[in-house]
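The structure appears below as structure tokens.
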Protein chains: 2
Amino acid sequence: MEKQTVTIYDVAREAAVSMATVSRVVNGNPNVKPATRKKVLEVIDRLDYRPNAVARGLASKKTTTVGVIIPDVTNAYFASLARGIDDIAMMYKYNIILTNSDENGGKEVQVLNTLMAKQVDGIIFMGNRVTPELREEFKRSKAPIVLAGSVDAEKSQPSVNIDYVAAVAEAVKNLIDHGNQKIAFVSGPMDEAINHDYRLKGYKKALKDAGLTYDEKLVFETDYTYKAGQALEPALTAAGATAAFVGDDELAAGVMNGLTDAKIDVPGDFEVITSNDTKLTELVRPKMSSITQPLYDIGAVAMRLLTKLMNNETVEENTVILPYGLMKRSSTK
Amino acid sequence: MEKQTVTIYDVAREAAVSMATVSRVVNGNPNVKPATRKKVLEVIDRLDYRPNAVARGLASKKTTTVGVIIPDVTNAYFASLARGIDDIAMMYKYNIILTNSDENGGKEVQVLNTLMAKQVDGIIFMGNRVTPELREEFKRSKAPIVLAGSVDAEKSQPSVNIDYVAAVAEAVKNLIDHGNQKIAFVSGPMDEAINHDYRLKGYKKALKDAGLTYDEKLVFETDYTYKAGQALEPALTAAGATAAFVGDDELAAGVMNGLTDAKIDVPGDFEVITSNDTKLTELVRPKMSSITQPLYDIGAVAMRLLTKLMNNETVEENTVILPYGLMKRSSTK
DNA sequence: CTTTGATATGAAAGCGTTTTCAACTTGCGT
DNA sequence: ACGCAAGTTGAAAACGCTTTCATATCAAAG
């Protein structure tokens, strides 16, 4: 009793027209006499005909599906972008194939290949470690690819981001203005372009602008986890830091709570400012000051840009920079 | 200069074999002489041939793609499930089409239809408001559907969950054991089966078991947002509650912070216990006691179950109940 | 009534695979 | 040398749609 599928052929027969005509009414082609359109529509309704998107994809070479490579959906920052992406995708009648990469180069290459095999019309990539192999695969792709909230030092692809170096510089300057001389730079893996080539640069710039000297001992490289942040307290104190810029909100919550647990008052004795302005910043006490980013919009704009690219529209600027801000909450003075 | 795609036909020609043979080696069919397999493999490598999954899907009627309907990726609870789903999917060579529904019935029906149009091999549904129309669509689907971390009062579909009523009952009992007489039940929308038919039942059961009477005034229905929780403090105090069971972690963080901001000591003057055991419970101060759920596993097991269903394997039990626990942290005595 | 330029329609060729079925080889036992 | 089963291969028919191109149809113009 396998459920029977009704095809365009069945509709054509019942409506006494050709497949071509059925196809036309299904696709809203205007070259159909209203009377026959009505007739076909009735049959479609009666038979409950639903076009097979796979067959459609094969015939038209368009799948109305885009691939999205995300480090980890469980990360609030990327999840927000993903939401923006999906909403705009839906608005333009696309669906999203979502895959977690864990920023693992091998997995990324593999995933990219299966996405291409599935003939996605475009790809949105999130992740800050664009390896040469990956860049090679990007080039090979016939589907346009845009980076969202992610940078590639080589700028090999269209992308949408904020100005990370300016944002970080401003955040750090803020800390400096509060009288801090020893400001820690707490970062995720340094082999990620965003940390090494952008945030760190912003950090150094702020230091330099203020006449402070850069001290490697104030740079702390860890992974993006709450635990890692929490465990950082002894090292932070030992280094004599009185403030910290942190590259991820969950990580920042960790360092803040670690500090607090060690009876160090935030922001009284130690200020911390974070980067992503996810919901988390408001949930935690004290609330965390943060660089603000239009998270949802980064995703949304990236997807919008992708639709243009898929549509072969000429696009004025391939790398779009969205505005950032600084939100003072309670983890800074 | 449109990039040229190489097809199975090209490979066949170059290797001087038939398409059928190429297809066999690509699909690992053993009925191929090692020598010709080698020859074909070489050509595939030389031409960089990549099978077109869409054509494959049309011919084989399998897309190795499953649809996932999620209320909101931005919600930590569902995001965790999604991660479990994707990992297992990848393990079984499936991809995920992810769509946010906002638990909106109309959107859900529509999304379900496009998923079916795309010929997904199966569907995982998250959402606790299974409307009759939706149930109707479920039935119509030829692809198996399993609910993950979501209940349908009618139990119309395979699903994986924890025993919500027992879990909530235990959590509330815990509060009662601490001497609380007036325990608030803070819940998301009551038209969601999980709230009305499960959690509330558990709440009432615990009350009854302890000889306490159920008081509607202690039931607070809101939406699942931090703000909503935070705004609840006056009402909570007015009702004379000294403890609360909350149905969502972000919501719980809101009520806790609202209480704290109003100088009400948690857990000293007011205890709160939450439901989902997401990361959030650990980030917030005091850390929140919670029902623990194997979030990742709920997703993973749901996906695993789906693979069996898609494979027409006979499955012993269609509705699987995973174990829950109670984690005492610092928001309860 | 014929011509003409839209406007509607249909036939059929793909799209790139899988799969069925028949046919062809081999190796062996006798 | 013969017969046969097992192992290999290819031809061709799907799969369900879009799209091109030719053919009809039709209203208005001559």
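The chains referred to below are lettered A, B, ... by the order of the sequence lines, with proteins before strands, and numbering in each begins at 1. Any value given below was found using the heavy atoms of this structure, including those in side chains, with hydrogens, waters and symmetry copies removed.
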Using a strict heavy-atom distance below 4.0 Å, which residues from [range] are in contact with DNA chain C?
| range | value |
| --- | --- |
| residues 15-37 of chain B | B/Met19, B/Ala20, B/Ser23, B/Arg24, B/Asn27 |
| residues 41-49 of chain B | B/Tyr49 |
| residues 115-123 of chain B | none |

Might you point out which heavy atoms bring [X] and [Y] nearest each other, and give the distance in Å?
| X | Y | value |
| --- | --- | --- |
| B/Leu112 | B/Leu134 | CD2-CD1, 4.1 Å |
| B/Ser18 | B/Ala12 | C-CB, 3.8 Å |
| A/Ile70 | A/Ala82 | CD1-CB, 4.1 Å |
| B/Glu103 | B/Pro71 | CG-CB, 3.6 Å |
| B/Ala148 | B/Met126 | O-CG, 3.4 Å |
| A/Pro189 | A/Tyr224 | CD-CE1, 3.9 Å |

For [X], side-chain hydrogen bond (donor to acceptor under 3.5 Å, both in side chains) partners two or more places apart:
| X | result |
| --- | --- |
| A/Thr63 | A/Asp121 |
| B/Tyr9 | none |
| B/Glu137 | none |

- Taking any atom under 4.0 angstrom from a heavy atom of chain A, which nucleotides of DNA chain C are the first and last to qualify, 5' to 3'? C/dA8 to C/dG16
- Query: For B/Arg140 and A/Arg50, what are the C-alpha separation, side-chain angles and deciding distance, and is it a side chain to side chain contact (heavy atoms under 4.5 Å, CB included)?
  - Reply: CA-CA 12 Å; B/Arg140 186 173 306 199; A/Arg50 328 250 188 125; 2.9 Å; yes
- Item | Residue pairs, two or more places apart or on separate chains, that pass side-chain hydrogen bond (donor to acceptor under 3.5 Å, both in side chains) and touch residues 30-39 of chain A | A/Lys38-A/Glu42
- Note on the structure: Outermost contacting nts on DNA chain D, any atom under 4.0 Å from chain B heavy atoms, listed 5' then 3', are D/dT8 to D/dG16
- Across all chains, not counting sequence neighbours, the ring pair (Phe, Tyr, Trp, His ring centres under 6.0 Å) partners of B/Phe125 are B/Phe138
- Query: What residue pairs, at least two apart or across chains, pass salt bridge (Lys or Arg N to Asp or Glu O under 4.0 Å) with a residue in residues 78-91 of chain B?
  - Reply: A/Asp72-B/Arg83, A/Asp102-B/Arg83, B/Arg83-B/Asp87
- Message: If we count only N and O atoms by modelled type, under 3.5 Å, do the side chains of B/Lys118 and A/Thr64 hold a donor and an acceptor together?
- Response: yes
- Estimate the overall bend of the helix from C/dC1-D/dG30 to C/dT30-D/dA1 from the end axes over five pairs each, rounded to 10 degrees. 50°
- Message: Test side chain to side chain contact (heavy atoms under 4.5 Å, CB included) on B/Thr65 and B/Ile97; report intermediate values, then the result.
- Response: CA-CA 7 Å; B/Thr65 301; B/Ile97 294 186; 3.6 Å; yes
- Message: Would you compute the distance between atom CZ of A/Arg129 and atom CD of A/Glu108 and round it to the nearest 0.5 angstrom?
- Response: 8.0 Å
- Would you call A/Glu14-A/Arg46 a salt bridge at under 4.0 Å N-O? yes
